[in-house]
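Here's a structure for you.
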Amino acid sequence: MTPASPPGHVPARSALLLATLGVVYGDIGTSPLYSLQTLFSLNGGVVRPNAHDVFGVISLVFWSITLIVSIKYVIFILRADNDREGGVMALAALARKALSSADARRSAVVMTLGALGAALFYGDSVITPAISVLSAMEGLEVTAPQWAELVLPVAAVILTLLFAGQRWGTGRVGAVFGPIMLIWFICLGAAGVAEVLRHPSIVAGLSPAYAALFVVGHPFIAFVAMGAVVLAITGAEALYADMGHFGRAPIRRAWFAIVFPALTLNYLGQGALILGSPTSRANPFFLLLPHWARLPMVILATVATVIASQSVIAGAFSMSREAMRLGFLPHLRIRQTSPREYGQIYSPAVNWGLFAAVLLVVFTFRSSTRLATAYGVAVTGTFLITTTLFLIVAHGMWRWPAWRVVLFGVVFGSIELTFFTANLTKITHGGWLTLLIAAIVFTIMVTWQRGRELVTARRIEREGPLPDFIDSLHAMNIPWVPGTAMFPHQNKETTPLALRANVAHNHVRHNKIVMITGRTANVPHIPWHARLTIDDLGDPNDGIVHITAVFGFQDPTDFPEVLRRAAAHPLAKGLTRDQVSYFVSKITLRRTGRPGMAAWRKRLFITLAHNAASQAEFLHLPEEDTIILSAEVPV
């Protein structure tokens, strides 16, 4: 006899399943709005609404979803969790951990791949809100042709409200996302099954034989079609990126129980409709519905696309924070929008940068069909990077045998390479846009990372050895003043420039001098009991202490909290928490002719550093107790 579930267990699982629908599946769940419409409008209609092409296309769509989403992502990729976190940057950090610690070159390549994947994700983050909201608004034109002129302005208003509302976070409205998406998927399935019942022969399109016949019979047309088939699997990366919020089990249950069946039925229904009425290929999603249901579906689709856009925007915020913590972006202003959920954050710079790019894209392309020509390159590039990083983890960490690694790489890599190559044909028709966005972001990321390395090396030259400075401090006859002076610093081998400046100009030292070095580990979270290492630097009586605080790349870098936690440690005896002054070294960068980076990259790095959020804000230092001392470092 099966034991009963504990009280509240089933409702809790149901709530988690609904939340998963609302956050994880918004992007891929709204793909039916534009996927087949785009596919049948390619190159003036090279894919024809006859039985051969329709069955072939439906088979291609179904097996693409099955292989890439169901098998690759849901079954395999979700296993590669970095301390229960997912996403391309988390996977890159996990792959770096899987490599030999001595293999610095390959580790650098792996992290560069992660940065490239993140850059492609930003391109996706611009296209997704634009194409999703536009495709939903185009339902107005289907419902009433005289409303066609309203599509662009209404889409712009909705997008403006969406981005303006980011500052308040999604916590207050998150509870309704899941139920709305559940209704959306039920409607997708119901609309599809009604048409399938009228034309049951369409079910034969689930056979892979039709995909094979389509490819063999019309190889060029099939190749072009693959560039649009990928639209049906956009959002697959979200399954992995959002794993940290829900865990793999709810994501898998939601996919196989609700999302996959609903998408399959809707695509079958659209295929059946096009077979019976070839003119419906102009907008098969909304024409699948009876006339009375189209306006309500436009409203529901609008809400669903807003949810899908919200998910991608939130993903861009999280990706930015991870990249920042791993050293690929400067300090950005990050604000928590929930007192309980660390994952709910808001970054003004990322938000308004995305908003400007999205509006530019909407008014440039003006329709979801034209915008679809720009979609796919970034998504398929991310697929290939994820597969590469996954194989490194599988081989280096899980010890997969070579034959299994090769088999996985050949099966999924060949499919994704075909998708990627097919989408390269879109470059001249708008695909350049996502590549341009990705190239700009990638250039910024690798320039910042390289610039940090150069500045750190040249800063160390100026700082001098810490033991020598402590010896000289002991020899100085300067007064001790009450309280604690805290100095953020990169290591415990050299002297903080702010400490040197404070002693040199004020001719005093505090009773307690604390240097804190923050490091970011390859895991998302580290508990406090494992986070701090305290060192008295050889003399327990001189009041000088060094603290190493290791943060996960999802943990807040809260240095006042580090001090509070460290005060209970025996080596930090006498550390006061009430009378603390925080001394921050502000680095002024001066461009020189020194080797290391091209002149234009140095200018870019200095510009980024100048516009970065302050270190004090990043470390959560109280403004009224923080003293900033400047020092010049050549680049």
Side-chain angles (χ1 to χ4, degrees), residues 28-62 64-65 131-132 134-145 148 151 184-206 210 214 221 224-225 227-234 261-298 300-302 304-305 367-373 375:
I28 196 169
T30 54
S31 295
L33 278 165
Y34 48 80
S35 297
L36 290 191
Q37 175 188 355
T38 301
L39 211 155
F40 280 95
S41 63
L42 285 172
N43 296 0
V46 293
V47 181
R48 300 182 179 278
N50 56 41
H52 180 274
D53 287 11
V54 170
F55 277 96
V57 161
I58 294 299
S59 183
L60 278 176
V61 168
F62 173 76
S64 296
I65 295 173
I131 194 172
S132 298
L134 266 179
S135 60
M137 288 300 95
E138 285 165 358
L140 291 172
E141 188 175 357
V142 175
T143 304
V151 170
W184 170 255
F185 285 116
I186 290 172
C187 291
L188 285 187
V193 77
E195 193 66 29
V196 169
L197 290 175
R198 282 191 284 270
H199 301 90
S201 62
I202 192 64
V203 176
L206 300 181
Y210 285 99
F214 183 61
I221 294 176
V224 173
V229 169
V230 75
L231 297 175
I233 54 177
T234 58
L263 291 176
T264 300
L265 286 171
N266 194 266
Y267 284 123
L268 285 173
Q270 290 189 47
L273 179 69
I274 293 170
L275 271 180
S277 175
T279 58
S280 64
R281 68 187 185 278
N283 198 319
F285 179 84
F286 284 105
L287 292 173
L288 192 62
L289 302 161
H291 192 273
W292 62 266
R294 289 173 189 169
L295 185 57
M297 197 62 170
V298 168
L300 181 59
T302 302
T305 55
S367 79
S368 63
T369 302
R370 286 194 290 268
L371 189 53
T373 61
Y375 212 15

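Each residue takes its place number in the sequence, starting with 1.
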> Can you find a heavy atom in the side chain of I65 that is under 4.5 Å from one in the side chain of T264?
Replying inline: no
> Taking only residues two or more places apart in sequence, or in another chain, which ones meet F40 in a ring pair (Phe, Tyr, Trp, His ring centres under 6.0 Å)?
Replying inline: none
> Less than 4.5 Å apart, any side-chain heavy atom of I58 and any of Y210?
Replying inline: no
>> With a 4.5 Å cut-off on side-chain heavy atoms, are N266 and L288 touching?
In response: yes
>> Holding to side-chain contact (heavy atoms from CB on, under 4.5 Å), I want the full list of residues that pass it with A194, two or more places apart in sequence or in another chain.
In response: R198
>> Going by side-chain contact (heavy atoms from CB on, under 4.5 Å), name the residues that satisfy it together with P278, two or more places apart in sequence or in a different chain.
In response: P49, R281
> So which of V229, L263, V230 actually passes side chain to side chain contact (heavy atoms under 4.5 Å, CB included) with V61?
Replying inline: V229
>> List the residues meeting side-chain contact (heavy atoms from CB on, under 4.5 Å) with A301, not counting sequence neighbours, and say none if there are none.
In response: L33, A136, W184, F286
>> Applying side-chain hydrogen bond (donor to acceptor under 3.5 Å, both in side chains), can you list everything that pairs with T38, at least two apart in sequence or on another chain?
In response: none
> So L287 and T279, side-chain contact (heavy atoms from CB on, under 4.5 Å) or not? Walk me through it.
Replying inline: CA-CA 10 Å; L287 292 173; T279 58; over 6 Å; no
> Atom CD1 of I28 and atom CG of L231: how far apart are they, to the nearest 0.5 Å?
Replying inline: 11.5 Å
> Who pairs with A190 by side-chain contact (heavy atoms from CB on, under 4.5 Å), at least two apart in sequence or on another chain?
Replying inline: none
> Residues two or more places apart in sequence or in another chain: which of them pass ring pair (Phe, Tyr, Trp, His ring centres under 6.0 Å) with F185?
Replying inline: none
> What distance do L289 atom CG and E195 atom CD have between them, rounded to the nearest 0.5 Å?
Replying inline: 10.0 Å
>> Are E138 and Y34 packed together at the side-chain level, in the sense that at least one heavy-atom pair is separated by less than 4.5 angstrom?
In response: no
> Can V54 and I202 be said to form a side-chain contact (heavy atoms from CB on, under 4.5 Å), step by step?
Replying inline: CA-CA 9 Å; V54 170; I202 192 64; 4.2 Å; yes
> According to the side-chain hydrogen bond (donor to acceptor under 3.5 Å, both in side chains) rule, which pairs have a member within residues 49-59, sequence neighbours left out?
Replying inline: none
> Would you say Q270's side chain and L36's backbone share a donor-acceptor pair under 3.5 angstrom?
Replying inline: no
> Do L268 and L206 come close enough that some side-chain heavy atom pair is under 4.5 Å?
Replying inline: yes
>> Under the ring pair (Phe, Tyr, Trp, His ring centres under 6.0 Å) definition, can you give me all pairs with a residue in residues 265-284, not counting sequence neighbours?
In response: none
